[in-house]
Every structure is written in structure tokens, then in C-alpha cells.
Peer 1: 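Here you go, one structure.
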Amino acid sequence: MLRFFFLRLGRAALTVALVVTFAFVVLRLSGDPALIIMSVDAPPEAIAAFRKAWGLDDPIWLQYLRYFSAIGQGELGQSMRDGRPALELVAERIPATLALTLPALALKLGIGIPAGIYASLHRDSLIDRIVMVTAVAGFTVPSFVLGLVLVLIFSVQLGWLPSGGQESWRHAILPVLTLGIGGAAVLARFTRSAMLEVLGQSYIRTASAKGVPWPAVVRGHALPNAAVPTVTIVGFMVGSLIAGAVVVESVFSWPGVGRLLVVSVANRDLAIVQCILLLVAITMVSANLIVDLLYGVLDPRLRSGAKAGAH
Amino acid sequence: MSTVLDRFGTVADPLVEINGLTVAFDGVKVLHGIDLSVARGEAVGLVGESGCGKSVTWLAALGLLPKKASVSGNVRLGSTELIDAEPDVLDTVRGGRIAMIFQDPASALNPVLRLGKQVGEALALHGGLSGAAIRAEARRLFDLVGIPDAARRLDAFPHELSGGQNQRVMIAMALAGKPDLLVADEPTTALDATIQAQILELLTKIRRETDMALVLISHDLGVISQTCDRVCVMYAGRIIETAEAQSLFDTPLHPYTQGLIAALPPLEGVRRRLDPIEGNVPEPWNLPPGCAFAPRCPRRGEACDAGVPPLAWKAPGRFAACIKALQAEPVRPREPVYA
Ligand SMILES: Nc1ncnc2c1ncn2[C@@H]1O[C@H](COP(=O)(O)OP(=O)(O)OP(=O)(O)O)[C@@H](O)[C@H]1O
Ligand code: SF4
Ligand SMILES: [Mg+2]
């Protein structure tokens, strides 16, 4: 088990390294930060000095090595715009993002899972149909469209809620709904299909055949099995707690990490972009790691499979 | 023990009596009125090719079919009617009075629950046991069905055991409620030959020791012959022949049964050519107008298409659904019971 854990940990670290490398390459190839950060008509000497200061004239592999060893020492660089440490700038924004994504996650779990279970148990009922239609809609409608529709209804038409900004908790309602509805729909669909798959299995019939009352069959036999695939998608949702709000933060001008990312990309503020990507990669990979370990807890077959794999 | 059928094809004082059981899926009938009774302590074999309705018969009797199945007819256990019974009635019958085990033990056991818990659940439901008593009794059952190292196996998961071991667990689970009848639906089909023989032996031993009735479902007459007193042969959703096992093997009356027996590998000595019945079972939505076996029947005549031959008395204790099986000689001549 321990060996399995370290193997997974190593793989997680490798994934983060790959993401960071990828981000580095793409960012350096996609434009010259000096030209964007200094205005285009800045004097050539100023641009040259900027390039020298940030090491932009060095060969790309040298920049890469330098960047990587800096990360290794926990040094994530400074914003090219205002010179403050990138990590500090990003960390400032995390609470605002979590203020949207955590309630949204609660909404997804609180609505999506029960709705999916209910739909699977009452297959083809009215509620099942509603869940399925909503799920398909939630799956296909992009979040900025949903956000705009909600703004149109609740801000413009009804005037109940503010359409943007971060002044009070009321400002969070629409963005949280925008994030939560789609996710709840996706989760409901996954839970439903996981449950249907499990309910069709022979061991469910065995449980009924030995006289277990149906509610106990669902609770004691179906749910523990359906939890395995459901955990995957929940893990993905937890992994996107930081990165999942980019679009919604922009639509609702919410000053979180996502908006900082959009602005920094536009500005070619490489240190910040890289810092955010690193953070995102770490959350994703950690969520993945937790999911992997949870698999082992939930499904004994995977537990011993992992053991066998590690020997 | 051998049980004589009266002239209506019913055992005296039946434990379970099925009358006119029909099942349809999405409007397609797959069971066309099954009449079948099982006496206390009797071992009945239910045999027939894949898809003839063996499993559906007993799943319907226990209310275990999916909702889309429409079931009619009667299944009586003593004075209790099981068709359309309330859930709590079914829950006490299932596992408590009639237990059922299935073909593929690996998928019939819950993969994420420990075996001891799965067996213990039945003990808690039907034995009124709790706590340490459950574990002790589960252990006794594991010993009874011949699972080595029982104490440790209680904490194992299904994937850690072989198919044969898992089927033993299923049997232990079925015995937990001390049922009057065990329905074993192809309990050995997924297992290899040696294990198959061991499981059949185990079932026979348990029956001897507990006086529990057994319905053994199989498409293998050989398996049935080793284990059962009486045999019901099914074809396309109907019982087409029923008789005591020995007479059925000695003088099969229905051409389908004759075909099944001809297809059996010889048990000992004499080499015999294997004669599998040609053709396929008709689809339930595309049955012939008369006898369902007609398209494959070597003795088919024009009259066979006129109507479905009923399961009729042919000789004492012998019933067949074939219009040409009239002249059959009873194996052990005996005074007809109604004479
Ligand atoms: N859940 C279901 N939905 C639709 N049709 C079904 C269902 N279960 C069984 N059937 C149909 O009912 C008929 C009888 O099936 P059943 O499972 O009883 O056959 P069987 O005699 O047990 O065969 P096997 O030896 O393959 O187990 C078949 O035609 C089958 O396709
Ligand atoms: S009724 Fe006719 S077709 Fe059917 S089994 Fe008898 S002889 Fe064959
Ligand atoms: Mg079957």
C-alpha cells in the first residue's frame, strides 16, 4: 500500500512537471512579453534592458532550466508588471475564487447526486426525464451563456440580484448558480448511469433473493458500488476548484484567480500565468491522487490490484 | 425420495404450486402457462435449451423480474400467494422459505462487501441473529459447505476466492435462512468439471441432511440425472415433458426429450454417436402456429401445426406435450392412480 502511494505520488509530481513545461514552452513561443509589457513604441534601449533584466535573450533551454530550478526552490518569480512576487498576487485571489467554487461544489454534490440516484430508481418517470433533459442542457450549454441568461432574468428583468462585482454575498449568488447548475446536471447524469449499471448487476438480484428489503438493497448494495465511478467525476470537480471559474469570473467581473489568469495572459505576464498554471496543476493532480487512493478504499478489487501492480 | 404425480400432474401436498404462470416482456410472451409443483424434500430438475424460460419461471415466482415484465398466474407457497404479493411478504419468503442461487457466482456476490457480511445479512434477516452470533453461525455454514479456513474467508472479498469457492459461499448464504426450497439456477455451469461434481455432491449432501427441497435448473440432462428425483423438460416457454428421472431417461416420450438424451455423451463403456438436435429454438416472438418443436421434430406430421399440444397424461406419473406420444409404454407398469 505504501509503495503504491509513493508510486502514485511520483507520477503526480511528474504530471505537474509536464504541465509546467508545457506551459513554459507554449507561453514563450506565443509572443514576446517585452513587446507587450512595454508599449510597442517604447525606445529600443528600454526594451533591450527589460529583456536583459528578465533573461529573455538567453537561449530557451537556459530560461527553462533557470525557471525550473527556481520553482524547485519555491521561487515563482515576480510579476513583470508591478514587480510583486507572483505567488503573493495569486494567493490574494484564491479566497475570492473559493468563495464561488466551494458553494458551487456543495450545490453540485447536494443536488446532482440525490437527483441522479432518484432518477435511476424511478427510471422513465417524470422526474427522471426532467433530470435527463436538464442534464443534457447543463452539459451542452456553455457556462457563459448560462451566466448571461441568469443575468438577463434575475438582474435585468426582475432586478433581484446584482449582475457583477463582489460587494456582498448577494453578488455571489448568480455566479455560484451558474457554476453549480451545470455541474449538478453533469453529476446527476453520471450518478444515474453509474446506479443503473450497478442495479442491473447480478449481485443486486442476489441481495433481493435473500430477502433484503429494497431500500436496504439500494443503500447497502447498490450505492457502495455506484460510488466508485461517481468518485471519479467528483474528484475532477474538486480538482477544478481553482481553475473551474475562469469563464464565470469574467462574466460576473469577480476578482478571482480566473480573472487574474485572463488578464495576465493578455498582458503576457509570464510569471503570474506560470504560477497559476502550477497551482492549477497541483490541485488537479492532488485531487486525482486522492481519487486513486479512494478507489482502493471503496473497491477491494482495486486495492489488491494495486498491491499486485506494485510488487 | 420419489414423488408420484397425480393425473393432473400435481404432487400430493405440494410445498410450492405454480399454476398457469405466464410472463411477457414488452408484449412478447416468453412463458406460456407453466404448471409445476414441488413436494417437500423433493429434488426436481428443470432442463431445456438456453432461452426456454427456466430462469424466468423462478425469477417470476419470487418477484425478482424487472418491472417491465408482466407476470400472471399463481404461485402458492402453502397458503401464501406470491404473485403480486406485498414487498414485505416477498422479503420474508425470499431467502427464508425459498432461496435461490445463480449461475455465475463471481458476479452474483457483491464485490465490495466481505463474504461474512453478505452471509451475515441473511442470518440477521431470517435467523434473528445479531453480533457475535452471526459470525459464529456464518462460520459454521462455511464449514458446512466445505470452505477451508472458514474463519479467515469470512473477511475475504469475492474476488479473492475461486468460482467454486464462491458458489459454496452462495450456497452457505442460501442455507442461512433455513429455506424449505432451494432453487439452484445453473449452479455449476460457470465451473469446470471437477468443481461441478463437487458442488452437485454438496447439494445432494445438504438435501440429505436438511430435508430441503431442491429445484435444479440446468441445460445439462447429465447434471440433472445425478441429482434429481423428477425432471421437467422445458421448450420455448412451456413444460413439454415431466416424469420421474429414471423413467424419463429410460423411455423419453417427447421427441425433444429423446433428442436431448441422444445428445448426451455416453456415461460408461459403449461409445455412442452424439446426436445433437438440429436447428434452433424459435424466437419467442416468432413461434410456430402449433407445436413449438415442430420445425425440428423428426416425427412431425400435419396435425402438429393445428394447435399447441397440451401437457397430457400419458402413463402413470408421465406427462408429455406431443400428439404422437400417445402409444408410449410405461416403464414400470403400475395401476393408473385414477383407475
Ligand atoms: N430481463 C429480460 N428482458 C427481456 N427478455 C428477457 C429477460 N429475461 C429473460 N428474457 C427472455 O425470456 C426468455 C426466457 O429466458 P430465461 O432466462 O428464462 O431462459 P433460460 O431457460 O434460463 O436460459 P439459459 O439457459 O440461457 O439461462 C428468453 O427468450 C429471454 O430472452
Ligand atoms: S406434436 Fe408433432 S411436432 Fe410436436 S413434438 Fe410431437 S410429433 Fe413433434
Ligand atoms: Mg437461465
Side-chain angles (χ1 to χ4, degrees), chain A residues 1 118-128 194-232 291 293-309 311, chain B residues 55 58-59 62-68 87-115 117-127 155-160 166 169-170 172-177 179 182-183 185 190:
Chain A
M1 197 65 194
Y118 185 91
S120 71
L121 294 176
H122 301 83
R123 203 177 176 180
D124 296 329
S125 66
L126 185 65
I127 296 208
D128 182 27
M195 276 296 282
L196 284 179
E197 159 88 24
V198 167
L199 288 173
Q201 297 293 315
S202 182
Y203 53 79
I204 296 297
R205 194 179 55 189
T206 304
S208 291
K210 73 177 163 188
V212 183
W214 184 241
V217 173
V218 172
R219 254 182 290 113
H221 290 264
L223 289 181
N225 280 283
V228 180
T230 308
V231 151
T232 313
V291 165
L293 298 176
L294 267 181
Y295 278 160
V297 175
L298 293 172
D299 191 336
R301 285 167 298 183
L302 301 173
R303 206 177 307 161
S304 62
K307 264 186 217 150
H311 285 309
Chain B
S55 305
W58 287 95
L59 291 173
L62 289 173
L64 290 172
L65 286 174
K67 277 196 211 107
K68 66 170 178 170
D88 56 326
V89 173
L90 286 176
D91 289 339
T92 47
V93 169
R94 294 167 178 166
R97 304 217 40 210
I98 305 179
M100 190 161 176
I101 61 175
F102 302 98
Q103 173 169 347
D104 182 10
S107 63
L109 287 164
N110 196 323
V112 307
L113 301 179
R114 293 179 197 281
L115 297 171
K117 181 163 194 285
Q118 300 192 48
V119 174
E121 199 175 20
L123 289 168
L125 285 165
H126 303 292
D155 292 323
F157 292 97
H159 73 274
E160 294 169 322
N166 275 327
V169 174
M170 285 292 291
M173 204 157 84
L175 296 179
L182 171 65
V183 180
D185 188 353

Peer 1: Please classify the contact between B:Q118 and chain A as side chain, backbone, both or neither, with a heavy-atom cut-off of under 4.5 Å.
Peer 2: both
Peer 1: Please flag which part of B:P87 lies under 4.5 Å from any non-hydrogen atom of chain A: side chain, backbone, both or neither.
Peer 2: neither
Peer 1: Can you check whether B:P158's main-chain N or O pairs, donor with acceptor, with B:N166's side chain at less than 3.5 Å?
Peer 2: yes
Peer 1: Side chain of A:T206, backbone of B:A108: donor and acceptor closer than 3.5 Å?
Peer 2: yes
Peer 1: Below 4.5 Å, heavy-atom pairs only: which of A:A207, A:P213, A:P224, A:G200 has the largest tally toward chain B?
Peer 2: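 It is A:P213.
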Peer 1: Quick check on B:L59 against chain A: is it the side chain, the backbone, both or neither that has a heavy atom closer than 4.5 Å?
Peer 2: side chain
Peer 1: If we only count heavy atoms from C-beta on, is the B:F157 to B:P111 side-chain gap below 4.5 Å?
Peer 2: no
Peer 1: So which residue, B:K117, B:H126, B:M100, ends up with the most heavy-atom pairs under 4.5 Å with chain A?
Peer 2: B:H126
Peer 1: I'd like to check A:M195 versus A:L223 (side-chain heavy atoms, cut-off strictly below 4.5 Å). Are they in contact?
Peer 2: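 Answer yes - side chains close enough.
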Peer 1: For chain A, find which of B:L113, B:L62, B:I101, B:V183 contributes the most heavy-atom pairs closer than 4.5 angstrom.
Peer 2: B:L113
Peer 1: Which answer fits B:L109, side chain, backbone, both or neither, if we ask what part of it has an atom under 4.5 Å from a heavy atom of chain A?
Peer 2: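 Just its backbone gets close to chain A.
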Peer 1: Considering only residues two or more places apart or on different chains, which pairs with a residue in residues 202-212 of chain A satisfy salt bridge (charged side-chain N to carboxylate O under 4.0 Å, His left out)?
Peer 2: A:K210-B:E121
Peer 1: With a 3.5 Å distance limit and no angle check, can you tell me whether A:Q201 reaches the backbone of A:V198 through a side-chain donor-acceptor pair?
Peer 2: no
Peer 1: Tell me, side chain or backbone of A:I204 under 4.5 Å from chain B's heavy atoms, or both, or neither?
Peer 2: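 A:I204 has no heavy atom closer than 4.5 Å to chain B.
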Peer 1: Please state whether the side chain, the backbone, both or neither of B:T92 comes within less than 4.5 Å of a heavy atom of chain A.
Peer 2: neither
Peer 1: Show your reasoning for whether side chain to side chain contact (heavy atoms under 4.5 Å, CB included) applies to B:W58 and B:L64.
Peer 2: CA-CA 8 Å; B:W58 287 95; B:L64 290 172; over 6 Å; no
